[in-house]
Each structure stands twice: as structure tokens, then as C-alpha cells.
Enquirer: 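Right, I'll just put the structure down here and ask away after.
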Amino acid sequence: MNIEQLRETCLAIKGAEECMPFDDDTMVYKVMGKMFAYYALTPKSGEFWIVLKCEPERALALRERYHGVFKGYHSGSNAMWNTVSIDSDVPDTLITELIQHSVDEVIKKLPKYKQQQYKQL
């Protein structure tokens, strides 16, 4: 997957919005005003990655299985965020699935009325 495909996949999410609230180099994707993904437009390492929310047990299992999945960049001790290298051993189909999983994790934490609003989009 390349960075353009990554952007298209994020924008294909129902209700997704793209913004740059932190700086001119960090692209953020939100649903219902809540962040589900972010990445650097010009990564210092030269390697593109995306940070995604993930159910904690699944996050740990993914880190053990794939070299291209590690603790979320800038997420502190929060086990709910994974960094996924888009040019690694992580299949594109899994990256797409993990983007949707991130959205699902965000939505399930919203109040019930906001979950209903999202379903109606």
C-alpha cells in the first residue's frame, strides 16, 4: 500500500474527515469528531506508517506477529494504539481491516445517541 492508497482508504470510511490539528506534517482522520488514524506526511525515517486505535489484546497479538506493527507513536503507555508500517510484512488487506477496526473502536466508545447518529450517516 502506498500513501495515496492509505489516504483513499481512510477517506472511504463513512463520515471520515481529514484535518491537520497538530502541525503541517501530521494528517489526522476523524469520525464524529474523534480521531481514528494519523500519519506523518514526511516521516523522518523515510518510512510511511499509520497509527490506529486497536482493541488492546488484538494490538498486542499484532505486535507479536508482525515486524511492521509496534506501539503507537506518541501514544505513551496507551495499549490501544498501534503504529503500522505500510511498507512492511503487514498485508494491505490487513491494513484496510485495521483502519475499519480503529473506526469501530472509536464508535463503540461514543455515547449511545452519537452511535445512533453515526449509524444514520
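We number each residue from 1, following the sequence as shown.
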Enquirer: Hey, could you give me the CD1/CD1 distance between Ile50 and Ile3, rounded to the nearest 0.5 Å?
Expert: 7.5 Å

Enquirer: Look only at the side chain of Ser102 and the backbone of Phe36, and say whether a donor-acceptor pair between them is shorter than 3.5 Å.
Expert: yes

Enquirer: How far does CD of Glu57 sit from CE of Met80, to the nearest 0.5 angstrom?
Expert: 11.5 Å

Enquirer: Would you check if Cys54 and Arg58 make a side-chain contact, meaning some heavy-atom pair closer than 4.5 Å?
Expert: yes

Enquirer: Between the main-chain N or O of Asp87 and the side-chain N or O of Glu47, is there a donor-acceptor pair closer than 3.5 Å?
Expert: no

Enquirer: Would you say that more than 12 heavy atoms from the other residues, nucleotides or ligands in this model lie under 6.0 Å from the CG of Asp23, or not?
Expert: yes

Enquirer: Between Thr93, Asn82, Leu62, which is the residue that forms a side-chain contact (heavy atoms from CB on, under 4.5 Å) with Leu98?
Expert: Leu62

Enquirer: What's the shortest heavy-atom distance between Ala37 and Leu52, and which atoms?
Expert: CB-CD2, 3.5 Å

Enquirer: Answer whether the closest heavy-atom distance between the side chains of Lys53 and Val106 falls below 4.5 Å.
Expert: yes

Enquirer: Other residues, nucleotides and ligands only: do more than 12 of their heavy atoms fall within 6.0 Å of NZ on Lys14?
Expert: yes

Enquirer: Between the main-chain N or O of Tyr66 and the side-chain N or O of Asp89, is there a donor-acceptor pair closer than 3.5 Å?
Expert: no

Enquirer: Compare all side-chain heavy atoms of Asn2 with those of Phe48 and state whether any distance is below 4.5 angstrom.
Expert: no

Enquirer: How far does CG of Leu6 sit from CE of Met27, to the nearest 0.5 angstrom?
Expert: 10.5 Å

Enquirer: Just verifying a value: how many Å separate Asp25 CG and Thr42 OG1, rounded to the nearest 0.5 Å?
Expert: 3.0 Å

Enquirer: Walk me through whether Val84 and Leu94 qualify under side-chain contact (heavy atoms from CB on, under 4.5 Å).
Expert: CA-CA 10 Å; Val84 180; Leu94 181 57; over 6 Å; no

Enquirer: Contact between Met1 and Glu8 at the side-chain level, heavy atoms closer than 4.5 Å - yes or no?
Expert: no

Enquirer: Quick one: pull up OG1 in Thr26 and OH in Tyr39 and give me the separation to the nearest 0.5 Å.
Expert: 10.5 Å

Enquirer: Evaluate side-chain contact (heavy atoms from CB on, under 4.5 Å) for Ile95 paired with Thr9, printing each intermediate quantity in order.
Expert: CA-CA 9 Å; Ile95 294 171; Thr9 301; over 6 Å; no

Enquirer: Looking at side-chain heavy atoms only, is the closest gap between Glu18 and Lys30 below 4.5 Å?
Expert: no

Enquirer: How are the rings of Tyr38 and Trp49 set relative to one another: parallel (under 30°), tilted (30 to 60°) or perpendicular (over 60°)?
Expert: perpendicular

Enquirer: Please find the pair of heavy atoms, one from Glu105 and one from Lys108, that lie closest to each other, and give the distance.
Expert: OE2-NZ, 3.1 Å

Enquirer: To the nearest 0.5 angstrom, please state how far the OH atom of Tyr118 sits from the CG atom of Asp104.
Expert: 7.5 Å

Enquirer: Hey, mind stepping through Ser85 and Val90 against side-chain contact (heavy atoms from CB on, under 4.5 Å) and telling me if it holds?
Expert: CA-CA 7 Å; Ser85 174; Val90 183; 6.0 Å; no

Enquirer: Say whether Tyr113 and Val31 are linked into one hydrophobic cluster, either directly or through other cluster members, by side-chain heavy-atom distances under 4.5 angstrom.
Expert: no

Enquirer: Can you name the nearest heavy-atom pair linking Gly72 to Val51, along with the distance?
Expert: CA-CG1, 4.2 Å

Enquirer: Below 4.5 Å, heavy atoms only, C-beta onward: do Lys34 and Leu110 meet side chain to side chain?
Expert: yes

Enquirer: Is Met32 close to Gln117 at the side-chain level, that is, under 4.5 Å between some pair of heavy atoms?
Expert: yes

Enquirer: Does Met20 form a side-chain contact (heavy atoms from CB on, under 4.5 Å) with Leu41? I'd like the steps, not just the answer.
Expert: CA-CA 10 Å; Met20 298 177 86; Leu41 294 172; 3.5 Å; yes

Enquirer: Given side chains that start at C-beta, do those of Met35 and Trp81 come closer than 4.5 Å, heavy atoms only?
Expert: yes

